[in-house]
Amino acid sequence: MRVAVGEDGRGGGALRVLTEDGVADGPVHRVPDLVAAVAERERDGAPRWVWPSTARLYPRLLRAGVRVARCHDLELVESLLLGHAGRYGEPRSVRAAWARLRGEPVPPDRPPREEAAQASLFDDDRERDAAGDDIEQVVAVHAAQRRAIAELDGFALLAAAESAGALVAAELTHDGLPWSADEHDALLTEMLGPRPSGGLRPRRLQDLADRINAAFGPRTHVNPDSPTQILKAFAAAGLPVPSTRAHVLKRLDHPAVPLLLEYKELARLHTAHGWAWLDTWVGGGRFRPEYVVGGVVSGRWATSGGGALQIPRVLRRAVVADPGWSLVVADAAQLEPRVLAALAGDRAFADAAAHGDLYAALSDAFRDSGEVSARDKAKIGLLSAMYGGGTGEAVQFLAVLKSRFPAAFEYVEAAARAGESGRLVRSRLGRTCPPPSAGWRELTSAGDDDGPAEPGRGTAAQALRSRGRFTRNFVVQATAADWALALLGSLRRRLTALDEPRLVFFQHDEVVVHTPEAQAEDVADAIRAAAEEARLLLFGDTPARFPMEIAIVDRYSDAK
DNA sequence: TGGGCCGGCGCG
DNA sequence: AAAGCGCGCCGGCCCA
């Protein structure tokens, strides 16, 4: 059973029962307390909730202690359908979708900030009504989406997985990642010195900054945070460099270099994940980042604050399970090459990807050269195939891959050719890459491959290759995201059955579950089962496997 | 002073 | 050793 939901902007709303196809199957029920109404229906029957936006509605339900099993997120599905039709970036609200159905002018989406502010800003009923949902529109847009989905292979699963992902994302924010502010503070103090007052540099950073200045001599003054000033200082010292990136500096023989490298590393920790970050993002022993489902074209999630997907490895020491609880940390080993093996139906490759270390399994195709191990050659070759590299030694490694695994090789080559000719490519479940920009079409259609390039735009040949690399990678990265989303949905369902364990972190191909110690092994089993279910849902009987590396720990940093 | 771009680097 | 893909965030810096 499905139930359509519309909010009225005052805490109430409307519900309407639908058939699976989305046909209204009863009258509209107006309810004064939407949270209570959803809670009640979820208890007796757990329908699939059809609502405009999980990100807007579900946090309120969670705060009231209400969790739901399934939903259909109209805005996320609208985005997927628009993308499939090559119409990236068009408004995706229910209002906009309704207008498209009726051939009326399509209203633009409201920026997220305005949306967040809306609840508190309205001071009269008319404005509230304008911000609320029209249940008739909800029902009609859902029915149209169901019809469109039915025409597209894999899309029903994609819509369900994306919607389940939205539930997970809201729950991750609500539950939070266990985070020890004391451990974090101790780590910062160890590495940077005591917390400074005001906007001062921590002692260790100031000390390094002073020594860097001394290393450049008495007449030079540099702010180590300024790449421009560092470039000038090295040039003045007779060492012109193209940039101040760590790998460039490493090649220089100058006393400032080791100091600068250390400064950069510590300054990064201080500015990105220092005390200010701790104050802003950690409270009550939990880190609560905001995730953006569908925020990356490939279907990966983005974050809108807190940088949850860029937590430095050294900080994982601050992620500590509650007393009597454990963290179950699981990541999909070498997910992308395995996805390619399954996608391409490359028998030899999939067999190699059936067990254990994939790169090691492929390394018999290569020879150790002393400098580079056979395993590393296999890895470089694979990454080059998936990312579009192919300079230097990678060329030979690619050639070996091509002869050993022709189907996998051809799969990504075909995706690259599609991109270069301006066509769209899709993930296994149908998530579609954005079309090339008008500027790209203009630049590449003239046929002036090596004509004079306009400043800053590059040549047509560069643009073609760049688009080819993008679509080449898209098919693999987006299908890996399909798989991860399917795993997440399956795991969420299994954890609900275990009751207490909670998903607390998700990062592309890795999950962390916070669980009572006694249930840790059950959680590990649930993760393995979810990975297997995702494999079957996406690829059926492929011989490729997606092994999960699982660790049961008290601290995130103790996993691998 | 605030917006926007860029260099650089964290994560996968 | 870096590279080839996808992101977010910071400080510096330029401009209005």
Side-chain angles (χ1 to χ4, degrees), chain A residues 199 201 205 209 222-232 241-251 260-261 263-274 276-277 280-281 289-292 294-316 331-337 339-340 371-372 376-377 379-395 397-398 412 415-416 419 425 427 431 433-434 456 465-481 483-484 505-511 556:
Chain A
R201 278 195 183 109
L205 280 180
V222 291
N223 173 0
D225 290 319
S226 167
T228 319
Q229 292 180 26
I230 296 172
L231 287 184
K232 278 192 191 135
V241 278
S243 83
T244 66
R245 291 188 184 129
H247 66 88
V248 173
L249 296 188
K250 268 179 201 150
R251 291 195 298 251
L260 268 169
L261 293 176
Y263 180 90
K264 280 162 167 286
E265 198 180 323
L266 294 179
R268 164 94 198 169
L269 179 67
H270 177 239
T271 58
H273 290 95
W277 182 93
T280 307
W281 293 102
E290 289 152 30
Y291 297 90
V292 185
V296 180
V297 290
S298 66
R300 284 179 167 191
W301 294 3
T303 49
S304 70
L309 304 182
Q310 301 129 256
I311 298 170
R313 297 184 81 92
V314 289
L315 263 190
R316 294 183 181 184
D331 80 279
Q334 304 153 345
L335 178 58
E336 292 195 353
V339 160
L340 174 57
E371 297 273 314
V372 186
D376 284 346
K377 290 179 183 175
K379 184 173 177 179
I380 293 169
L382 266 174
L383 293 181
S384 299
M386 291 188 300
Y387 291 166
T391 53
E393 288 175 283
V395 175
F397 307 154
L398 273 173
V412 285
V425 296
S427 74
R431 193 185 302 266
C433 76
R465 278 198 299 273
S466 167
R467 176 80 188 170
R469 285 195 303 272
F470 170 63
T471 52
R472 171 196 296 272
N473 183 250
F474 183 94
V475 292
V476 178
Q477 189 184 112
T479 301
W483 179 88
F505 193 53
F506 170 57
Q507 187 175 23
H508 311 313
D509 59 0
E510 180 176 12
V511 294
Y556 195 4

query: Does a side-chain heavy-atom distance below 4.5 Å link A/Tyr291 with A/Leu309?
result: yes
query: Heavy atoms under 4.0 Å, any strand shown: does A/Ala302 hit a base, just sugar-phosphate, or nothing?
result: sugar-phosphate
query: Using a cut-off of 4.0 Å on non-hydrogen atoms, how would the nucleic acid contact of A/Thr303 be classed: base, sugar-phosphate, or nothing?
result: sugar-phosphate
- line: In the 5' to 3' direction, the nucleotides of DNA chain C bounding the stretch that comes under 4.0 Å of a heavy atom in chain A are C/dA1 to C/dC13
- request: Might you work through the side-chain contact (heavy atoms from CB on, under 4.5 Å) test for A/Leu382 and A/Gln334, ending with a clear yes or no?
  value: CA-CA 11 Å; A/Leu382 266 174; A/Gln334 304 153 345; over 6 Å; no
task: Before giving the answer on side-chain contact (heavy atoms from CB on, under 4.5 Å), spell out for A/Ser226 and A/Ile230 the whole-Å C-alpha distance, their side-chain angles and the decisive distance to 0.1 Å.
output: CA-CA 6 Å; A/Ser226 167; A/Ile230 296 172; 5.9 Å; no
message: Within 90° of 0 counts as syn, otherwise anti: where does C/dG4 fall?
response: syn
- request: Would you mind reporting whether A/Val314 and A/Glu265 have side-chain heavy atoms less than 4.5 Å apart?
  value: no
task: May I ask you to say what A/Phe470 touches in the nucleic acid, namely base, sugar-phosphate or nothing, with a heavy-atom cut-off under 4.0 Å?
output: sugar-phosphate
query: Is it true that atom CD of A/Gln507 has more than 12 heavy atoms of other residues, nucleotides or ligands lying nearer than 6.0 Å?
result: yes
task: Take A/Trp483 and A/Asp509 through the side-chain contact (heavy atoms from CB on, under 4.5 Å) test and state the conclusion after the steps.
output: CA-CA 9 Å; A/Trp483 179 88; A/Asp509 59 0; 5.6 Å; no
field: A/Asp225 side chain near A/Tyr263 side chain, heavy-atom distance below 4.5 Å
entry: yes
statement: Counting primed atoms, P, OP1 and OP2 as sugar-phosphate and everything else as base, the B/S/- map of nucleotides 3-12 of chain B against protein heavy atoms under 4.0 Å is ----SBBBBB
message: Under 4.0 Å, heavy atoms only, any strand: does A/Ser298 hit a base, just the sugar-phosphate, or nothing?
response: nothing
query: What's the verdict on side-chain contact (heavy atoms from CB on, under 4.5 Å) for A/Cys433 and A/Phe470, showing C-alpha distance, side-chain angles and the deciding distance?
result: CA-CA 9 Å; A/Cys433 76; A/Phe470 170 63; 4.0 Å; yes
task: Tell me the partner of C/dG4, counting only Watson-Crick (N1-N3 plus N6-O4 or O6-N4) or G-U wobble (N1-O2 and O6-N3) with both under 3.5 Å; none if nothing fits.
output: none
Distance-only criterion, 3.5 Å: show the donor-acceptor pairs between side-chain atoms of residues 300-307 of chain A and protein atoms not counting sequence neighbours.
unit_1   : atom_1 : unit_2   : atom_2 : d
A/Ser304 : OG     : A/Glu290 : OE1    : 3.0

- prompt: Contact class for A/Gly295 (heavy atom, under 4.0 Å): base, sugar-phosphate, or nothing?
  reply: nothing
message: Please classify the nucleic acid contact of A/Asp331 as base, sugar-phosphate, or nothing, using heavy-atom distances under 4.0 Å.
response: nothing
